Amino acid sequence: MTNWTASFLASDHDLGSAPILRREFTLDDGHGAVANATLRMSALGVVEAWIDGQRVSDHLLEPGWTSYEWRVRVVSHDVTQRLAHDEPGRTSVLALVVGKGWALGRLGWSGKGAWYADEHAGAAELRIEFEDGHEQVIATDTDWQAVPSGITADDLYDGQDIDAGVSDAWQRPGPLDGASGVRAVDLGERQLVADTVPPVRPLAEIAPVEVWTSPSGATLMDFGVNLVGWLRVRASGTAGTVLTLRHAEVLEHDELGLRPLRTAEATDHLTLSGGDEPDVFEPRFTFHGFRYASVDGWPGTLDELCDAVTAVQVGSDLTRTGTFSSSHDLLNTFHDNVVRGMQGNFLSVPTDCPQRDERLGWTGDIAAFAPTASYLFDTKAFLSDWLRDVWLEQQHADGIIPFVVPDVLKYQPAEDFPDPDATAVWSDAGVWVPWTLYQAYGDATVLEEQFDSMAAHLRRIRDHLSPEDLWDTVFQFGDWLDPDAPPEDPAAAKADKGVVATICAFRSATLVAEAADVLGGHEAEGAEFRELAGRLQAAFRTHYLQDDGRILSDCTTVYTLAIVFGILDAEDEQRAGDRLAELVAASGYRISTGFAGTPFITDALTQTGHLDDAYRLLLQTECPSWLYPVTMGATTVWERWDSMLPDGTINPGQMTSFNHYALGAVADWTHRVVGGLTATAPGYASVRIAPQPGGGLMWASTSIDSVHGTIAVRWELVDGELVVEATVPEGVSAVVALPGAEEQAAPTGTSTFRAPVGAAV
């Protein structure tokens with residue numbers, strides 16, 4: 001960081017609470033008015049800045065989670081207006097409230113925390129420029145002091161305790177009781193980097209839709225949707241009264257379904273001050289995944305509680321770019337659930353789930369979901385930053401892209417897994433995600449920044465192939481969470497793990513060779529990875545592809561991946577598609593794929609001429625299916641197809657989340673095939689408008705705010721015709737391809753195209 005003069009500070013003593021680092025200051029006199037003031041701050045933990053008793057911004061959990069061993073963000077806030085009207089000589093207070101966050105709080109399922117730091121530490125630098133050019137700098141140093149706060153406990157998993165009876169005198173100038181000295185904290189190898197990602201902030205406020213008393217006597221609240229955040233509570237009562245708030249995603253037997261949280265307490269405690277004015281509690285140093293909450297200790301009536309509590313939904317503030325809707329209500333709800341689940345799990349890093357003792361940046365989930373994510377929201381800065389941590393972790397792990405990034409699991413290896421190595425789909429995120437960003441935004445910078453990471457991943461794979469050139473020598477998740485696997489063994493999939501891994505390695509090698517071509521100057525690497533792809537393809541044909549076109553393990557996922565990833569020739573691809581359609585029909589058009597196959601199965605069917613089968617699979621409502629959870633009242637995408645069983649009980653497996661975005665990756669197909677909008681050049685510089693109606697849908701629409709402007713498609717079946725309205729901005733080349741009609745160019749602006757309905761369905 002340039003011009004950074006601040007020290008990271010920790011309290012000299014354990015204050016028994018989240019520490020407040022505090023400094024009084026006065027504006028320099030004789031230099032005119034404040035022209036500009038910028039506050040830069042960071043923490044080992046999470047930090048809120050306050051000036052004269054007011055929060056500096058609505059940003060949350062700053063500076064966010066990075067691979068703290070090597071990289072810590074510094075965030076910036078324009079505070080000019082906060083100081084513009086201060087008079088010289090007036091004493092102000094700059095304060096930092098520091099919580100545990102990811103650096104000190106619990107992470108993972110071991111029950112332990114403090115993996116990155118063993119004490120709270122915060123840093124800040126306030127630079128004030130005056131009219132005459134004079135600059136005043138107030139930076140954290142050992143002249144600051146530490147004081148206790150009313151946050152008596154905080155943890156991302158377990159919740160936050162707030163005592164409103166603790167004095168807020170720290171917000172004002174003057175001497176304080178219980179103040180402590182501070183000392184500088186050495187950051188070691190950590191580098192400070194400027195923040196470049198959208199902040200976490202409030203996204204919505206949601207009122208309860210119902211408050212009632214459960215059979216056990218608990219006071220329960222329903223907020224109507226599964227969200228990520230916390231409860232803001234306004235309460236009055238006797239000093240020392242404690243309100244206890246517990247959170248859960250679902251009800252079971254008419255009580256909070258807490259078992260899926262595992263060891264995460266997800267509980268906040270709020271202690272009333274007994275003051276004349278109501279206390280307002282907002283536990284901003286934690287977050288919960290929940291739809292339901294219980295409130296114990298409420299001093300008033302249920303009606304008063306309903307008016308006093310608001311759910312605050314939070315997440316990284318990404319710009320919405322993509323839309324989809326159709327004549328099918330359940331499909332629309334499913335798509336809404338995909339969006340809501342993404343918002344809850346794109347919180348500083350792309351996590352798997354937001355509620356239990358996990359909430360980690362699982363690479364397999366984002367490998368599957370990145371195309372959908374980058375259509376629905378502008379993920380360029382968010383995922384590009386996360387990829388920098390992918391490369392950092394990889395460089396310190398002999399080229400291995402770990403299961404999670406940031407990789408806290410290296411400190412608490414899971415007993416269920418052997419020693420980690422590069423793993424299909426999960427580690428392939430290091431190739432698939434940057435390629436997705438390049439395709440979505442047309443900016444090759446991400447390929448340039450990540451090329452060494454991408455190449456290192458392929459070389460790690462190459463070095464661990466079997467003598468037969470198959471990727472079957474190391475641990476693989478395979479087709480994780482195959483619906484036919486038992487609840488207690490999610491890795492027990494039908495698909496042969498070597499087949500899955502070898503096909504994925506072929507895809508990654510092909511993409512890295514293409515990335516070398518895009519960048520130029522990487523001819524040797526391009527040749528290297530094409531040769532590797534050729535070896536993998538030959539090995540696949542020799543050892544996994546039978547003479548009759550069957551693929552080893554003969555299940556939907558292996559055919560799906562072989563088709564979509566292009567490892568087959570044209571004849572074998574068609575045979576694979578026909579066999580895939582047979583298997584899908586044999587399953588009763590219920591899902592039979594897990595994490596590896598699910599994102600691609602509708603594409604594999606469509607690509608081989610089985611569109612009707614793809615629609616029947618997509619619109620199935622019996623379990624397992626995408627729409628079964630919708631029929632059960634889901635408002636986000638579930639981790640398991642049957643996270644909740646038809647009788648309303650929770651899946652007996654110990655790993656059950658009701659907010660996982662990975663299985664929502666099929667939304668990418670709905671945008672391209674149902675909606676009919678496909679990019680044919682990076683950044684949507686050219687597009688193909690080719691809706692393929694089916695499944696009884698009467699209309700559908702989709703749009704994306706691309707880097708060139710908004711591109712939109714809407715189709716409808718009207719009086720024997722397929723009527724398509726296409727909107728194309730300047731600078732985008734568009735081709736319209738309707739069933740039974742010749743392809744034609746779409747002009748700039750909004751145009752209408754028609755085709756006979758018999759050819760379209």
Side-chain angles (χ1 to χ4, degrees), residues 15-20 48 50 53-55 58 60 95 97 99 147-155 158-172 176-178 202 205-224 227 229-248 251 254-256 258 264-288 290-314:
L15 300 173
S17 67
I20 299 172
E48 282 186 351
W50 295 64
Q54 299 293 319
R55 288 176 62 206
D58 67 348
L60 301 163
V97 186
V147 296
S149 72
I151 302 171
T152 55
D154 69 284
D155 188 273
D158 294 333
Q160 186 169 333
D161 296 353
I162 303 174
D163 186 348
V166 174
S167 171
D168 64 358
W170 59 270
Q171 300 179 6
R172 300 176 293 276
L176 298 173
D177 294 333
E205 295 188 5
I206 302 170
V209 298
E210 186 179 4
V211 179
W212 74 100
T213 302
S214 77
S216 70
T219 299
L220 299 183
M221 312 185 78
D222 176 9
F223 292 89
L227 63 106
W230 50 72
L231 300 182
R232 181 192 300 130
V233 181
R234 183 180 180 90
S236 298
T238 304
T241 298
V242 177
L243 308 183
T244 301
L245 313 179
R246 293 183 175 88
H247 306 76
L251 299 178
D254 299 319
E255 305 287 351
L256 291 186
L258 298 174
E265 294 291 336
T267 301
D268 301 326
H269 298 95
L270 315 175
T271 302
L272 302 185
S273 68
D276 294 335
E277 296 295 324
D279 298 314
V280 179
F281 297 95
E282 190 166 0
R284 293 186 297 269
F285 283 177
T286 189
F287 63 86
H288 312 293
F290 69 102
R291 171 175 172 171
Y292 302 93
S294 69
V295 182
D296 182 52
W298 176 251
T301 66
L302 293 187
D303 286 343
E304 290 171 336
L305 177 62
C306 190
D307 293 336
V309 177
T310 300
V312 180
Q313 179 189 353
V314 306

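Fair warning: this is a prediction, and the values are worked out from it, not measured in the lab.
The two atoms that bring L231 and H247 nearest to each other are CG-NE2, 3.9 Å, heavy atoms only. Across every non-hydrogen atom of G178 and P148, the tightest pair is O-CD, 3.5 Å. Of all heavy-atom pairs between T286 and Q160, the closest is N-OE1, 3.7 Å. Nearest approach of A311 to L227, heavy atoms of both residues: CB-CD2, 4.0 Å. S294 approaches L256 most closely through the heavy-atom pair OG-CD1, 3.6 Å. Taking both residues in full, the closest heavy atoms of T244 and R246 are given as CG2-NH1, 3.6 Å, listed atom of the first, atom of the second, then distance.
For S149 (side chain) and I20 (main-chain N/O), no donor-acceptor pair under 3.5 Å exists by modelled atom type. Remark: the backbone N or O of S273 is paired with a side-chain donor or acceptor of D279 at under 3.5 angstrom. In this structure, the side chain of T238 does not engage the main chain of T241 through any donor-acceptor pair within 3.5 Å.
Note: D158 CG to T267 OG1 = 8.0 Å, rounded to the nearest 0.5 Å. Atom-to-atom distance recorded for W50:CH2 and R55:CZ is 6.5 Å, nearest 0.5 angstrom. Considering CG of L270 and CZ of R234, their distance stands at 14.5 Å, rounded to 0.5 Å. Interatomic distance, CG of L245 versus CZ of F290, reported as 9.5 Å (0.5 Å rounding). The CD atom of Q313 sits 13.0 Å away from the CZ atom of F287 when rounded to the nearest 0.5 Å. To the nearest 0.5 Å, atoms CG (L243) and CZ (F281) are separated by 6.0 Å.
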Atom pairs and distances, side-chain donor-acceptor, residues 205-221, under 3.5 Å, sequence neighbours left out:
unit_1: E205; atom_1: OE1; unit_2: R232; atom_2: NH1; d: 3.3
unit_1: E205; atom_1: OE2; unit_2: R232; atom_2: NH1; d: 3.2
unit_1: E205; atom_1: OE2; unit_2: R232; atom_2: NH2; d: 3.0
unit_1: S214; atom_1: OG; unit_2: S216; atom_2: N; d: 3.3
unit_1: S214; atom_1: OG; unit_2: S216; atom_2: OG; d: 3.0
unit_1: S214; atom_1: OG; unit_2: A218; atom_2: N; d: 3.1
unit_1: S214; atom_1: OG; unit_2: E255; atom_2: OE1; d: 2.8
unit_1: S214; atom_1: OG; unit_2: E255; atom_2: OE2; d: 3.2
unit_1: S216; atom_1: OG; unit_2: E255; atom_2: OE1; d: 3.0
unit_1: S216; atom_1: OG; unit_2: E255; atom_2: OE2; d: 3.1

TODO: Would you check, one step at a time, whether the test side chain to side chain contact (heavy atoms under 4.5 Å, CB included) holds for W298 with V309?
DONE: CA-CA 11 Å; W298 176 251; V309 177; 5.5 Å; no

Open item on the list: Using side chain to side chain contact (heavy atoms under 4.5 Å, CB included), reason through D268 and H288 one step at a time and then give a plain yes or no.
Closed with: CA-CA 10 Å; D268 301 326; H288 312 293; 3.0 Å; yes

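No side-chain heavy atom of F285 sits under 4.5 Å from any side-chain heavy atom of I162.
Partners of D163 by salt bridge (charged side-chain N to carboxylate O under 4.0 Å, His left out), not counting sequence neighbours: none found.
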